[in-house]
Amino acid sequence: MRHIISILMENEPGALSRVVGLFSQRNFNIESLNVAPTDDATLSRLTVTTVGDDRVIEQITKHLNKLIDVVKLVDLTEGNHVERELMLVKVKALGAQRDEVKRTVDIFRAQIVDVTPSVYTVQITGDAAKLDAFLQAMSPIGVLEVARTGVSGISRGDKVLSL
Amino acid sequence: MELLSGADMIARFLKDEGVEYIYGYPGGAALHIYDALFRQDAVKHILVRHEQAATHAADGYARASGKPGTVLVTSGPGATNTVTGIATAYMDSIPMVVLCGQVASHLIGEDAFQETDIVGVTRPIVKHSFIIKHPTEIPTVLKKAYYLAASGRPGPVVVDIPKDMTAPTERYEYVYPKKVKLRSYNPVTRGHTGQIKKAVELMLKARRPVFYTGGGVVTGDASEALTDLVQRLGYPITTTLMGIGAYPQRDRQSLGWLGMHGSYEANMAMHHADLIVAIGARFDDRVTNNTSKFCPTAKIVHVDIDPSSISKTVRADVPIVGPAGSVISEMISLVQGREPANPEALTEWWERIDGWRDERRGKLYEPAAPGEPLKPQQVIEAICEVTRGEAFVTTDVGQHQMFAAQYYKFDKPNRFITSGGLGTMGFGFPAAMGIKQNYPDDDVVCITGEGSFQMMMQELSTCKQYGVGVKIVNLNNQSLGMVRQWQDLNYKSRHAHSYMESLPDFGKLIEAYGFTAIRVEREEDLLPALERAFADKDELVFLDVYVDPREHVYPMQVPLGSMRDMLLSKTERT
Ligand SMILES: Cc1ncc(C[n+]2csc(CCOP(=O)(O)OP(=O)(O)O)c2C)c(N)n1
Ligand SMILES: [Mg+2]
């Protein structure tokens, strides 16, 4: 099953490489990964999506927790959560295609953020499935370039992941 | 207030931390530190002849004493030479701090002379690592390094020190940090009481219980508590290779050690148990054999300080995260005044165990026929006899290691010192050296093979320099015996590169360093040679004992089988 694990870790050089190294060293999967500092400059938040059965996920969270730089973590998929990813896509937009792209963009509540005579640059946020669906819808027209941030997430409700 | 250079801070910190010996080898990036060491005499530096030996020596000391060992090396090749030793310590959870010189900060990343990203190279084999970014960080970073190395589940810590951090011209305030805190690191200090209660109820109700304990009991300094608990209950106990001596092996309740070459009765008892109480052991593949056939009828209680060890390879029914010592003490207080619920079942259980013991009694190996070469097993028995089972015994890796573990009987922890997890040939001799320097009044013997010894034999020179009186017993089977055994069993005796052709004359080699070597080929020479070797505690003596190259280590678990599937000799199997 797919899991989204959010990690608060020390904003120290080398911390990221320890997390990434752990996944390759122990043969765990990384589907996507994103990382940035939080409101507390000493902490980074890293979100990793991974796939595995319960035993593997248990090992992943235990080993992550064992890293000295990891302060706290949560497996968001254990509860209700909001999952978002941002994608920027360049699509071909010539003649009649221009209208069709615009219509699809509206349907997906995406935005066109840059325009040239032949190309639209589209920004879209959502969960990974929505982004995949958008790419599929665009593929007959012609997807030229894709930049995805990887999944970020947060739990629903009053619970917070903080120190 | 005291102003010190980074280099002097390191020397002073080591003194304040109570470090007595450090093992190392100098070079450009470490020279400021070496100069600081030269100008003080509290910390003694031992100059090894290869950096790998420094790590094994520090490791041996750590295993014997329970305190972190310390290593100091230069950048580049000095640092990369420590990799095998760091990995060895990591696999066996041994506390160690490795201080590496590094090229100056402004050169990092430029492929400078002797630059290696040692933090990157060692990342998967350390508990943690640090790079010093400013000299003022030195005291706290070093304190953190020692704290991390020794606390929780111990392990090696690397500290990378760019040369400009130790420049003699720049001085800063030095204060010894008595304590450090890391917000992201809080090793557990006790187990969950509810879980411990559950475990104790299972233990009291068990009909066929076995204690299975590992290195965690030794490093956790919990042998006494364990012995108390096991004796109160009267249950059988087997240990891992790393756990040898945590419970007195000569006691009736001890089944010896278990696993691939473990004792017949230990493996049989594990397989038939209805309850396994695992403490400080990690269900390693050399113990469990095929995990899907592992102990089919047993419930499993698993106590470990490292949550990631629990249910990693074998699912625990009652997981308990906590240090062995405090969990065992809590178990003792819960057991107090209570009796096992099924005394008849336990009596029957012991009858079966004694039956397994009797089956193999006197059949463990075939003694040498007259005129035939000595058997390695009898050599170990003789060493045990001459040292009254009280020596520190280090080993290298191979058949001699397994024979040493099988035939030397240990009643104390921290005495059998071996590379269990990584299986590092070359470990034994430098480890013995590190132990002997710290325990000069004890017998320290390295049981080795002619293959392994040649991997670290340059340390004879270090022993000469510092007058280290270790005993070396070379079980010379003129082959890479363990490799040869696998080739006999799995490759129709095609002995690809398992011969040690052109062995040196070990006697001459040893004598070149001014030490005594004794060659032993006949049974009647064995005891006198050993007595001669152990007569003087301060003298290094090398016994070159010619043993039968055809001998195999048995029992040996059958690959992919259960714990009870074993070869018992060249012709018998379970
Ligand atoms: C550094 C290293 N290289 C290779 C091995 C693989 N290996 C395991 S046992 C062994 C043979 C050891 O020979 P020797 O030291 O003579 O011991 P014996 O088995 O003959 O007693 C080898 C090569 C190892 N464990 N460590
Ligand atoms: Mg050999």
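Any value given below was found using the heavy atoms of this structure, including those in side chains, with hydrogens, waters and symmetry copies removed. Chain A is the first sequence line, chain B the second, and so forth, proteins listed ahead of strands; every chain is numbered from 1.
Counting only heavy atoms from C-beta outward, the side chains of A:L16 and A:M9 approach each other to under 4.5 Å. Side-chain atoms of A:F23 and A:L64, non-hydrogen and from C-beta on, do get closer than 4.5 Å to each other. Here the side chains of A:T116 and A:K90 are not in contact, with every heavy-atom distance at 4.5 Å or above.
Residue A:L22: no heavy atom, backbone or side chain, is found under 4.5 Å from chain B. Using a 4.5 Å cut-off between heavy atoms, A:E12 does not touch chain B at all.
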- Going through the checks in order, is the side-chain hydrogen bond (donor to acceptor under 3.5 Å, both in side chains) test met by B:S129 and A:R18? CA-CA 10 Å; B:S129 42; A:R18 280 183 230 275; 3.0 Å; yes

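Among residues 140-153 of chain B, the residues having any heavy atom closer than 4.5 Å to a heavy atom of chain A are, in sequence order, B:L148, B:R153. The interface of residues 314-326 of chain B with chain A, defined by heavy-atom distances below 4.5 Å, comprises B:R315.
Using a cut-off of 4.0 Å between Lys/Arg side-chain N and Asp/Glu carboxylate O, B:D304 and B:R282 are scored as not salt-bridged. We find that A:R148 and A:D132 are joined by a salt bridge, their nearest charged nitrogen and carboxylate oxygen being less than 4.0 Å apart.
Looking only at heavy-atom pairs under 4.5 Å with chain A, the residue among B:K312, B:K133, B:H128, B:K127 that has the most is B:H128. Chain B forms the most heavy-atom pairs under 4.5 Å with one residue out of A:R26, A:K72, A:E10, A:R55, and that residue is A:E10.
Distance alone, capped at 3.5 Å, is enough to place a donor-acceptor pair between the B:D92 side chain and the B:G420 backbone. A donor-acceptor pair under 3.5 Å links the side-chain atoms of A:T61 to the main chain of A:I57, judged by distance alone. With hydrogens and angles ignored, the 3.5 Å screen pairs a side-chain donor or acceptor of B:H302 with a backbone N or O of B:A281.
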